[in-house]
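All of these numbers come straight from a predicted model, not from anything done at the bench.
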Amino acid sequence: MAKKKGVDGEDDDSLGNDPFLVEIGRRIKQLRTDAGITQRDLGEAAGGLSPSYIYTVERGRQNMTLTVFRRIAEALGAPIEDLLSDGEPDGRLTDRSLTRFVYQLDKLGQILDLRREQDDAIFKELKSMSGVKERIAEHLKAEKK
């Protein structure tokens with residue numbers, strides 16, 4: 001994506017003026033890059049937002065509606081509270097950190113359930129294919145006679 005040009009024609013990588021929005025944008029960008037997805041991918045997953053809109057959100061220059069904020073959080077697979085607050089500075093467990101942990105465990109469980117379903121389907125297909133192999137072998141033996 002080409003960098004936007006500012007009024008003076010130079011690259012415009014400036015951050016927004018509201019520190020709260022800048023921090024939320026930083027967290028969104030961090031989650032997006034950790035997930036290995038592009039601004040375009042995130043925008044599409046969040047209901048058709050443009051890559052330039054995601055760019056301005058990540059730079060803290062876009063004040064989102066709560067609906068858009070929720071769609072972005074869902075597209076990133078992150079609870080909204082992860083985008084609103086820092087981790088615990090002293091490392092103590094809090095209700096929020098435990099809730100986040102349970103949420104992540106639930107997501108992992110969903111992934112493992114899906115993987116188990118896929119593995120079962122593959123095993124079933126391989127099992128049915130082994131019967132085909134035996135029939136082909138019998139057919140080839142009969143052809144040789």
(message) Can you tell me how far apart CD1 (I28) and CG (L21) are? Round to the nearest 0.5 Å.
(response) 9.5 Å
(message) Against E58, only a single residue in K29, Q39, R26 fulfils side-chain hydrogen bond (donor to acceptor under 3.5 Å, both in side chains); can you say which?
(response) Q39
(request) Calculate, to the nearest 0.5 Å, the distance between atoms CD1 and NZ belonging to I122 and K124 respectively. (result) 13.5 Å
(message) Counting only heavy atoms from other residues, nucleotides and ligands, does the tally under 6.0 Å from CZ of R70 exceed 12?
(response) yes
(message) Quiz question: by atom type and distance under 3.5 Å, do the side chains of S52 and S50 form a donor-acceptor pair?
(response) yes
(message) Taking the side chain as everything from C-beta on, heavy atoms only, tell me whether I136 gets closer than 4.5 Å to H139.
(response) no
(message) Between F20 and N63, is there a side-chain heavy-atom distance shorter than 4.5 Å?
(response) no
(message) Quick one, L42 and Y53 - any side-chain contact, counting heavy atoms below 4.5 Å?
(response) no
(message) Looking at every heavy atom in both I72 and M64, which two are closest together, and how far apart are they?
(response) CD1-SD, 3.7 Å
(request) Determine whether more than 12 heavy atoms belonging to other residues, nucleotides or ligands lie under 6.0 Å from atom CG of L66. (result) no
(message) Rounded at 0.5 Å granularity, tell me how far CG in L84 sits from CD in E23.
(response) 10.5 Å
(request) Spell out, as yes or no, whether a donor-acceptor pair under 3.5 Å connects the side chain of D119 to the backbone of R116. (result) no
(message) Just so I know, are the side chains of R71 and L49 near enough to count as touching, which here means a heavy-atom distance under 4.5 Å?
(response) yes
(request) Examine distances only and state if a side-chain atom of R61 and a backbone atom of T56 form a donor-acceptor pair shorter than 3.5 Å. (result) no
(request) Of all the heavy-atom pairs spanning I24 and L83, show the shortest one and how long it is. (result) CG1-O, 3.5 Å
(message) Just verifying a value: how many Å separate R27 CZ and L76 CG, rounded to the nearest 0.5 Å?
(response) 13.5 Å
(message) Just verifying a value: how many Å separate E74 CD and I80 CD1, rounded to the nearest 0.5 Å?
(response) 7.0 Å
(message) Looking at D34, I'd like to know if its CG atom is crowded, meaning that more than 12 non-hydrogen atoms belonging to other residues, nucleotides or ligands lie closer than 6.0 Å.
(response) yes
